[in-house]
Protein chains: 2
Amino acid sequence: MEQRKLYNRIAVLREERDISRKELAEKIGVNYQTVGYLERGEYNPSLDLAFKISEFFGLPIEFIFSTKPMKPLSEEILNLKKLEETWKKEEPQKDGAQG
Amino acid sequence: MEQRKLYNRIAVLREERDISRKELAEKIGVNYQTVGYLERGEYNPSLDLAFKISEFFGLPIEFIFSTKPMKPLSEEILNLKKLEETWKKEEPQKDGAQG
DNA sequence: TTGAATTATTGTATAAATACAACAAAATTA
DNA sequence: TAATTTTGTTGTATTTATACAATAATTCAA
């Protein structure tokens, strides 16, 4: 099967938790170089390995991996905050006495 | 890497939509026998293939695949309905005049 | 009941995923 | 600054995922 190159957030998630590739590799039970290959997109993981990474970070697979280039998390957060502001304007407060 | 046997709901989802392995295979671009191997758990898919199956069914990967044996959907639905009943008892109706 | 479609099984071949080794470069720490 | 750790690169080997072929069994439709 022709494999699409997949994208992932492994490096960012590692950085957030201040752990090295070696540490992550030990935790999920693979060679440390495998983590490097995955981060650089040199090959895609098996689904089993994707589950292991998902379980380690406590995040859904679809949050970590994607078939399309992923936006930086910072950008996604900003977009969510804008959306939140929009919602606040369209739906005034129901709870509380004052608007 | 030692591969864990993964579990999946491919067969049920196919049945729900009344499509054969051959049809699914053609849609996601694999040999029809590959679908059979996956359903029977003879080997696990690559993450890319898992994404293709996920996209076809419009369901999250974690809904279709699991590292543990999955409960029948019917059982999960019943559990959710029970949970719903529990919630209705603990939180009486806020909207509407009558309870 | 027959024919077609679908599925199961076995085997071979190929491609991709992963481990490991060795070496080098870059980054970090003391 | 030197030592250590982390990361990148290349190569080889092994395992797993997938395609394809052939055959048989099962299921479904007419």
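Sequence lines set the chain letters: A, B, ... in the order given, protein chains first and strands last, and positions in each chain run from 1. Since the model is a prediction, treat every value here as computed from it, not as a measurement.
- Taking both residues in full, the closest heavy atoms of Glu62(B) and Pro60(A) are given as OE2-CA, 3.2 Å, listed atom of the first, atom of the second, then distance.
- Residues Leu38(B) and Ser20(A) each lie close to DNA chain D; by heavy-atom proximity, the contact nearer the 5' end of the strand is made by Ser20(A).
- Looking at residues 2-16 of chain B, you'll see Arg14(B) sit with a heavy atom under 4.0 Å from some atom of DNA chain C.
- When all heavy atoms of Ile64(A) and Ser54(A) are compared, the pair lying nearest together is CD1-CA, 3.6 Å.
- When the C1' atom of dT18(D) is taken as reference, atom CE of Met1(A) falls 8 Å away, rounded to whole Å.
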Seminar exercise, completed: 5' to 3', nucleotides 20-27 of chain D under a 4.0 Å protein heavy-atom cut-off (B base, S sugar-phosphate only, - none) gives BBB-----
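- Taking atom CZ of Arg40(B) as the reference point, atom P of dA17(D) lies 14 Å away to the nearest angstrom.
- No donor-acceptor distance shorter than 3.5 angstrom exists from the side chain of Arg9(B) to the backbone of Pro72(B), with no hydrogens or angles considered.
- Across all non-hydrogen atoms, the minimal contact from Met1(B) to Ser46(A) is CE-OG, 3.9 Å.
- Heavy-atom minimum distance, Phe51(B) versus Arg4(A): CB-NH2, 4.0 Å.
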For this session: Applying side-chain contact (heavy atoms from CB on, under 4.5 Å), run through Lys27(B) and Lys52(B) and close with a yes or a no.
Result: CA-CA 9 Å; Lys27(B) 289 290 168 64; Lys52(B) 285 185 179 180; over 6 Å; no
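- Cluster annotation: Ile19(A) is connected to Val12(A) through the hydrophobic network of ILVMFWY side chains, with a link wherever side-chain heavy atoms come within less than 4.5 Å.
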Exercise. Hey, mind stepping through Glu23(B) and Arg17(B) against side-chain contact (heavy atoms from CB on, under 4.5 Å) and telling me if it holds?
Worked result: CA-CA 11 Å; Glu23(B) 282 187 67; Arg17(B) 292 158 179 76; over 6 Å; no
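- Surrounding CD of Glu26(A) are more than 12 heavy atoms belonging to other residues, nucleotides or ligands, all under 6.0 Å away.
- For residues 43-63 of chain B, proximity to DNA chain D is found at Tyr43(B), Asn44(B), Pro45(B), Ser46(B), Leu49(B), defined as any non-hydrogen atom under 4.0 angstrom from a strand atom.
- Contact between Tyr43(A) and Leu38(A) at its shortest, heavy atoms only, is O-CD2, 3.4 Å.
- With rounding to whole Å, Ile19(A) atom CD1 is found 18 Å from dT5(D) atom P.
- With rounding to whole Å, Ile28(A) atom CD1 is found 13 Å from dA17(C) atom C1'.
- By the 6.0 Å and 45° rule, Lys5(A) stacks over the aromatic ring of Tyr7(A).
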